[in-house]
Participant: 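Here it is, the structure in full.
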Amino acid sequence: MRIYNTLTKSKEEFKPIEEGKVSMYVCGPTVYNYIHIGNARPMIVFDTARRYMLYKGLDVNYVSNFTDVDDKIINKAIEEGVDASVISKRFIDECKKDMEGLNVLPATTHPLATQEIPEMIDMISTLIEKGYAYRAEDGTVYYRTRMKKDYGKLSHKNIDDLEAGHRSINVTGDLKEDPLDFVLWKPKKDGEPYWESPFCDGRPGWHIECSVMSKKYLGDSIDIHAGGEDLIFPHHENEIAQSEAANGVPFANYWMHNGFLNIDNKKMSKSLGNFFTVREIAEKYDLQVLRFFMLSAHYRSPLNFSADLMESAKSGLERIHNTYDNIVYLIENASNKEESTEEAKAFIDSIIKKFEDAMDDDFNTADAISAVFELVRYINQNTDEKTAVNVLELYKEKLLMLCDILGIILEKEEKLLPEDIEKMIEERQEARKNKDFARADEIRDELLNKGIVLEDTREGVKYKWL
Ligand code: AMP
Ligand code: ZN
């Protein structure tokens with residue numbers, strides 16, 4: 001498996017630190033609003049990378065944080081007249097609902113920045129002790145950027161050409177030794193959440209949060225660190241500086257960055273106001289369509305969002321669904337039980353190889369999807385009422401397997417509505433009246449299969465969910 005590593009600007013053979021195990025950290029969203037579909041891109045593409053590694057038998061420890069203390073959260077809380085934690089909790093819950101809709105697996109751990117403050121204070125103290133950080137008069141702690149000799153190695157920037165990049169950091173006065181220095185801890189302001197620390201009452205800077213959560217849940221050195229390409233500089237560059245200075249070992253071996261989701265070739269972002277939330281898209285489309293749309297491009301390429309492309313993702317997905325539904329129908333109605341699977345197997349193997357080659361080549365989901373379409377076309381051309389059940393079952397199993405790696409759900413979970421259940425109960429009563437006990441039993445079993453048990457009571461037949 002080869003992964004494009006931003007650090008070396010090349011595709012490298014993936015070798016985990018510990019054989020068979022992968023430690024992966026993905027920078028998560030700042031939770032002050034519903035996530036937009038640009039934020040959904042890293043969630044979907046790195047979830048797919050994770051699913052593929054699981055398929056390859058790797059044990060993936062996947063950590064993705066929620067940034068739950070930030071100026072934008074605080075401003076929103078002030079606007080609504082509530083505590084910042086009310087805002088962050090609300091949007092973490094909403095984000096998790098969107099992730100579920102997108103079929104993004106929950107992370108092994110979803111740490112919250114506000115729950116890890118003592119560890120952040122520890123790391124900042126270590127950096128001060130080692131001379132990599134200093135406390136300014138007002139209590140702000142800065143990282144001494146020039147101390148880190150290889151600073152700029154991820155973003156491939158020369159330290160002398162750099163201007164200090166900042167995000168969510170309000171510096172009061174210029175107490176820095178050098179304009180390149182960045183904030184690790186900042187003093188509290190009126191009405192803002194704060195924590196006590198040896199430096200001053202205040203809160204952490206954004207970059208230190210990820211360094212600490214990665215260390216705590218995955219260790220000092222990890223296999224993969226990922227996020228959108230806007231995070232390369234300064235966020236990830238600063239994470240490297242902090243973690244490597246504090247821990248004395250390389251931070252992450254592979255750095256993966258997804259390209260932007262654009263609209264009219266401009267990055268979709270909250271600040272430009274050119275965004276759609278996942279919720280808005282869900283009103284018009286099944287979120288599986290959004291997932292399929294995202295995977296139709298390579299994760300590192302820019303992807304332009306448009307109604308046309310969503311429509312074509314929708315019809316592509318429908319083609320796969322139609323084939324799958326047809327196989328299920330044929331299995332239920334096939335008269336031929338068994339025949340040689342040799343030819344089908346040979347073709348499926350060639351498809352699996354194409355799929356794996358594509359995914360092994362830096363998770364090329366676009367080519368992996370082409371392989372799935374090839375399988376779909378083959379199944380359409382080679383199946384009819386005469387196809388035997390064992391061959392159909394093979395197609396079904398492999399199509400499900402490949403789609404599952406992409407996080408595409410083919411099996412519809414049918415949940416019976418109360419009125420459907422009542423109708424079936426009535427039909428069963430009717431069958432009993434006509435002494436058609438076989439049919440009555442059949443209906444009872446059908447309901448049981450769907451998790452519903454029937455009980456005969458004095459008031460008639462009642463049902464309950466198992
Ligand atoms: P934020 O909440 O802005 O910190 O973003 C959370 C994640 O979404 C980060 O990994 C960002 O890089 C990513 N992201 C934000 N906007 C876009 C976009 N338009 N396209 C792709 N990724 C994005
Ligand atoms: Zn981060």
Side-chain angles (χ1 to χ4, degrees), residues 6 24-47 49 63-73 76 87-88 91-92 94-95 98-99 102 104 107 110-113 116 120 123 154-155 165-169 182 204-218 222 224-243 251-252 255-278 281 290 293-295 297-305:
T6 309
M24 181 163 181
Y25 186 95
V26 182
C27 292
T30 308
V31 278
Y32 65 102
N33 212 327
Y34 291 99
I35 57 162
H36 63 68
I37 57 176
N39 301 135
R41 191 171 187 196
M43 290 176 184
I44 294 167
V45 300
F46 297 123
D47 175 66
V63 175
S64 191
N65 68 297
F66 288 110
T67 299
D68 64 341
V69 57
D70 175 270
D71 286 348
K72 296 190 206 97
I73 301 172
K76 179 119 181 169
I87 302 292
S88 56
F91 290 110
I92 287 169
E94 297 298 350
C95 179
D98 287 338
M99 285 167 69
L102 292 164
V104 168
H110 274 296
L112 307 184
E116 316 291 345
M120 293 178 202
M123 191 183 274
L154 180 72
S155 50
H166 295 283
R167 194 186 129 142
S168 312
I169 289 166
F182 60 89
W206 174 40
H207 316 302
I208 196 77
E209 298 174 4
C210 286
S211 279
V212 166
M213 290 184 271
S214 180
K215 177 183 168 83
K216 177 161 171 189
Y217 294 99
L218 297 170
I222 68 168
I224 303 173
H225 196 115
E229 68 181 6
D230 52 337
L231 301 187
I232 298 173
F233 185 84
H235 185 52
H236 287 165
E237 196 69 66
N238 291 353
E239 279 189 47
I240 294 178
Q242 299 161 154
S243 296
F251 180 35
W255 286 86
M256 293 178 71
H257 294 100
N258 65 272
F260 290 144
L261 181 76
N262 292 332
I263 231 172
D264 298 325
N265 299 311
K266 275 198 211 80
K267 182 195 171 197
M268 182 177 286
S269 73
K270 291 257 165 68
S271 52
L272 290 176
N274 61 346
F275 64 90
F276 291 107
T277 61
V278 170
I281 298 301
L290 183 63
F293 160 75
M294 297 275 188
L295 298 180
H298 190 276
Y299 75 91
R300 280 189 290 119
S301 310
L303 176 59
N304 218 30
F305 180 79

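Side-chain atoms are counted along with the backbone in the values below, which use heavy atoms only and exclude waters and symmetry mates. Every number for a ligand or one of its atoms is a count from 1 in the order of the listing.
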Participant: Return a yes/no value for Leu261: is any of its N or O atoms, backbone included, closer than 3.5 angstrom to an N or O of ligand 1?
Facilitator: yes
Participant: Distance check below 2.8 Å: does His236 bring an N, O or S atom to the Zn ion (ligand 2)?
Facilitator: no
Participant: Just heavy atoms, cut-off under 4.0 Å: does Asp230 contact ligand 1 by side chain, backbone, both, or neither?
Facilitator: side chain
Participant: Under 4.0 Å, heavy atoms only, figure out whether ligand 1 is touched by the backbone of Lys270, its side chain, both or neither.
Facilitator: neither
Participant: Going by heavy atoms in the side chains, are Ile44 and Tyr299 under 4.5 Å from each other?
Facilitator: no
Participant: Is there a nitrogen or oxygen of Ser269 sitting under 3.5 Å from a nitrogen or oxygen of ligand 1?
Facilitator: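 By distance alone, the answer is no.
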Participant: Can you name the atoms of ligand 1, numbered from 1 with element, that are less than 4.0 Å from a heavy atom of Met268?
Facilitator: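 Answer, ordered by atom number: 16 (N), 18 (C), 19 (N).
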Participant: Heavy atom to atom 21 (C) of ligand 1, shortest distance: which of Leu231, Asn258, Ile232, Val45 holds it?
Facilitator: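 The residue whose heavy atom sits nearest atom 21 (C) of ligand 1 is Asn258.
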Participant: So, regarding Thr30 and ligand 1 (criterion: nitrogen or oxygen to nitrogen or oxygen, under 3.5 Å), is there a contact or not?
Facilitator: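 Yes.
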Participant: Can you tell me how the ring of Phe305 sits relative to the ring of Phe293, calling it parallel under 30°, perpendicular over 60° and tilted otherwise?
Facilitator: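 Aromatic pair Phe305/Phe293 classed perpendicular.
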Participant: With a cut-off of 2.8 Å, does His207 place any N/O/S atom under that distance from the Zn ion (ligand 2)?
Facilitator: no
Participant: Would you check if there is a donor-acceptor pair between the side chains of Glu116 and Tyr217 at a distance under 3.5 Å?
Facilitator: yes
Participant: Has Met43 got any heavy atom lying under 4.0 angstrom from an atom of ligand 1?
Facilitator: no
Participant: Measuring from non-hydrogen atoms of Ala226 to any atom of ligand 1, is the shortest distance under 4.0 Å?
Facilitator: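 False for this residue.
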Participant: If you measure every N/O of Gly28 against every N/O of ligand 1, is any gap under 3.5 Å?
Facilitator: no
Participant: How would you list, by chain and number, every residue that makes a salt bridge (Lys or Arg N to Asp or Glu O under 4.0 Å) with Lys266, sequence neighbours excluded?
Facilitator: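 Salt bridge (Lys or Arg N to Asp or Glu O under 4.0 Å) check on Lys266 returns nothing, list empty.
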Participant: Ring-plane angle category for His236 and His257, please: parallel below 30°, perpendicular beyond 60°, tilted otherwise.
Facilitator: tilted
Participant: When the ring planes of Phe182 and His207 are compared, do they come out parallel, tilted or perpendicular, using 30° and 60° as the limits?
Facilitator: perpendicular
Participant: Are Lys72 and Lys76 side-chain neighbours, meaning at least one heavy-atom pair lies under 4.5 Å?
Facilitator: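 Not in contact.
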Participant: Partners of Asp98 by side-chain contact (heavy atoms from CB on, under 4.5 Å), sequence neighbours excluded?
Facilitator: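 side-chain contact (heavy atoms from CB on, under 4.5 Å) list for Asp98, sorted by chain: Ile35, Val278, Arg279.
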Participant: May I ask which of Gly38, Pro29, Gly228 has a heavy atom nearer to atom 10 (O) of ligand 1 than the others do?
Facilitator: Gly228
Participant: Take Phe91 and Phe66, measure what ring pair (Phe, Tyr, Trp, His ring centres under 6.0 Å) needs, and give me the verdict at the end.
Facilitator: CA-CA 10 Å; Phe91 290 110; Phe66 288 110; over 10 Å; no
Participant: For ligand 1, which atoms sit closer than 4.0 Å to a heavy atom of Gly259?
Facilitator: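 Taking each heavy atom of Gly259 in turn, ligand 1 has 21 (C) under 4.0 Å.
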